[in-house]
Number of protein chains: 2
Amino acid sequence: MKITIKDIAKLADVSTATVSKIVNNKDQSISSATREKVKSIIEEYNYVPNRIASSMITKKTNSIGLIIPDIANPFFPELARGAEDMANKNGYNIILCNSDNDLSKEDSYIEMLQEKMVDGIIFTSSSRRSSVSNTLKKLHIPIITVDREIEDLKSNCRIKVKNREGAFEAVSYMISRGYKKIVNLAGPMTSKPSKDRLEGYIEALVKNNLVVDEKYIIEGSFTSEWGYKGILDIIRKKLEFDSVFCGNDLIALGVLKGLRENGLNVPKDIGVVGFDDIYMATMIDTELTTVRQPNYQMGYKAAQLLINMLENKHYIDKEYILDTKLIIRKTTR
Amino acid sequence: MKITIKDIAKLADVSTATVSKIVNNKDQSISSATREKVKSIIEEYNYVPNRIASSMITKKTNSIGLIIPDIANPFFPELARGAEDMANKNGYNIILCNSDNDLSKEDSYIEMLQEKMVDGIIFTSSSRRSSVSNTLKKLHIPIITVDREIEDLKSNCRIKVKNREGAFEAVSYMISRGYKKIVNLAGPMTSKPSKDRLEGYIEALVKNNLVVDEKYIIEGSFTSEWGYKGILDIIRKKLEFDSVFCGNDLIALGVLKGLRENGLNVPKDIGVVGFDDIYMATMIDTELTTVRQPNYQMGYKAAQLLINMLENKHYIDKEYILDTKLIIRKTTR
DNA sequence: TTGAAAGCGCTAACAT
DNA sequence: ATGTTAGCGCTTTCAA
């Protein structure tokens, strides 16, 4: 039988109210004699307060839901870590949910989380979510969207990254290094970041008086498999190109592999630029030139914003845009 | 004001007991007329049951704590994903905790999780934990240790991997390929898997009548930084060697980088073998020969075992040992 | 087939 | 400085 606050109260010969105050450090008005007595009994009997019972009254669980597509995708662990660090620092816990970009899985997680009374949700929504689902509409706790915003979702905090600007800077740099036929192996266009990066690519081309050729823009997914397959396709079709701007680093890794297998030298024959700056970007033979995204910061900031809203009970509807940074390494000449 | 079971009961003109039964599908004895009526009202008013209140009574939260050193370390995302998949399939949630191998952080998470009334814990304990802490001793919920067991922790389920056998197989293979001077750049010896892998290394050497030279065994940490630094050290010291058996893939990646920077060709000059088979092992130029660990499976199995114990209220104290597999790729001749 | 009522462990307002 | 008490939202006997 687990020991409860009542047991402690009885053992210490005080009321449960007194014990409660001591357990929660609201003991300004408690004499140090009783405080010590109660504390030692708590210690002795190894009392563990039931926070679920507290939650019933305080209406706070100090839990935050984190919904991401897949923790096994190298983009998300750092984000999750950032969120968890900030959460932990403030006495919150993170409930991890992998949605696999599946809309119905997302919705069912959202419902689960609400039933578990989480205080708020950090959400990297599916690239495929075009509008607000019923579940999302009915949501009555604060939600922060990270990386991918949800159009039509009213009043929520958004954390984004300068995708367009980052891509613009990267492609401009490629052009400045003499690359002229730049293939864009993009992510899925259902995702806002993908769209924004494409915009940046086009903008850089236009500003430098290069033609934008649709044959050079190929949409795929954010995986190295797609990068590999994509570049192989391009080579087979004998498309003339001197460089590849990739939707993310995973794609770039696949591209590098495909290029290598075809005897193409990077950066001599072909230049390659990624996006994200995942950990592996520096561990490969020819270190990847890429656009760094502040992954950890995104998670950290998201949790910070959310906790702020929670503690101040003051919900803001605002957009935070974090900077990217071009990291020049070895895959561009 | 949030809507409660009482509101629904009043609106449907039934008792809360009836609503409760319907919400939880214990409605064999409810007439379909009432069932339909109640369900439509629940729908209409968008009622979300408060599972925390249920938990008070049922003594089950359907939450599982997952304590790992660091989700940003490539070894853990897959493990976490495996655990979350199995949990989700059974209606459980995962609370993610990053301990940074910090004993006091581990303990404080364990306490937090107990206060939140999680049903059980999946725990990859710090490599530095030599014996059972007070917190761990007082634990009164089931705990499954994964990868690293805790000596002295009584009656808990353990999931491990054949580290010794895997290392033995790998090093034996290296020897069969003609490598004779095999450096072992190991992980920290405070970690059981490290110790076991070292044992396997030694065993293979001995069985093949090669001398075991302490100069060739260097203990470090499970990071690529250490692998890089370690190999640089070895080269500087002009130690004669023809191959490196690494404590894990991260170390191997660092080794590969150091070798490359010193103009050493892999596998012609030097052979390299890792351990884990992380995703990146195939994405690098010279794909890494390594020992595959069933990361996802470990998490999946851990959650499965835990949930089984929870549902059957029958706690087992048993060891599950999963197989490793030597994956021969390009870093060995 | 349905409902009344006790109570899970705790907090917070209010009283003393 | 401490205690009394109502009640958070729900489940679960037990009775009707």
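Lettering follows sequence order; numbering is per chain, from 1.
- Place A/Val23 and B/Val14 on DNA chain C by their nearest nucleotides, and B/Val14 ends up nearer the 5' end.
- For B/Lys59 against C/dG9, no side-chain N or O and base N or O form a donor-acceptor pair under 3.5 Å.
- Atom CG of A/Asp13 is separated from atom P of D/dG3 by 8 Å (rounded to the nearest Å).
- Using a 4.0 Å cut-off, no side-chain N or O of A/Tyr47 falls inside it from OP1 or OP2 of C/dG9.
- Between B/Asn24 and D/dT11 there is a side-chain N or O to OP1 or OP2 distance below 4.0 Å.
- Note on A/Lys60: nothing from the nucleic acid sits closer than 4.0 angstrom, heavy atoms only.
- Looking only at distances, no side-chain donor or acceptor of A/Asp119 sits under 3.5 Å from a matching main-chain atom of A/Ile64.
- For B/Lys6, whose side chain is taken as the heavy atoms from C-beta onward, the closest listed nucleotide among D/dC8, C/dT11, D/dG9 is D/dC8.
- Between B/Thr16 and B/Met56, the one whose closest nucleotide on DNA chain C sits nearer the 5' end is B/Thr16.
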Can you list, pair by pair, the side-chain donor-acceptor contacts under 3.5 Å of residues 295-306 of chain A, counting residues two or more places apart and other chains?
unit_1, atom_1, unit_2, atom_2, d
A/Asn295, ND2, A/Gln293, O, 3.1
A/Tyr296, OH, A/Asp85, OD2, 2.4
A/Tyr300, OH, A/Lys89, NZ, 2.5

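- Contacts of B/Lys21 with the nucleic acid, taken as non-hydrogen atoms under 4.0 Å apart, include base atoms.
- For B/Ser15, whose side chain is taken as the heavy atoms from C-beta onward, the closest listed nucleotide among C/dA4, D/dG3, C/dG9 is C/dA4.
- In this structure, A/Asp7 reaches neither bases nor backbone, as no heavy-atom distance under 4.0 Å exists between it and the strands shown.
- Of the residues in residues 27-39 of chain B, those placing a heavy atom less than 4.0 Å from an atom of DNA chain C are B/Ser29, B/Ile30, B/Ser31, B/Thr34, in numerical order.
- Remark: side-chain polar atoms of B/Asp27 are not paired, donor with acceptor, to backbone N or O of B/Ile30 under 3.5 angstrom.
- Nearest nucleotide to the B/Ala53 side chain, out of D/dT11, D/dG9, C/dG3: D/dG9.
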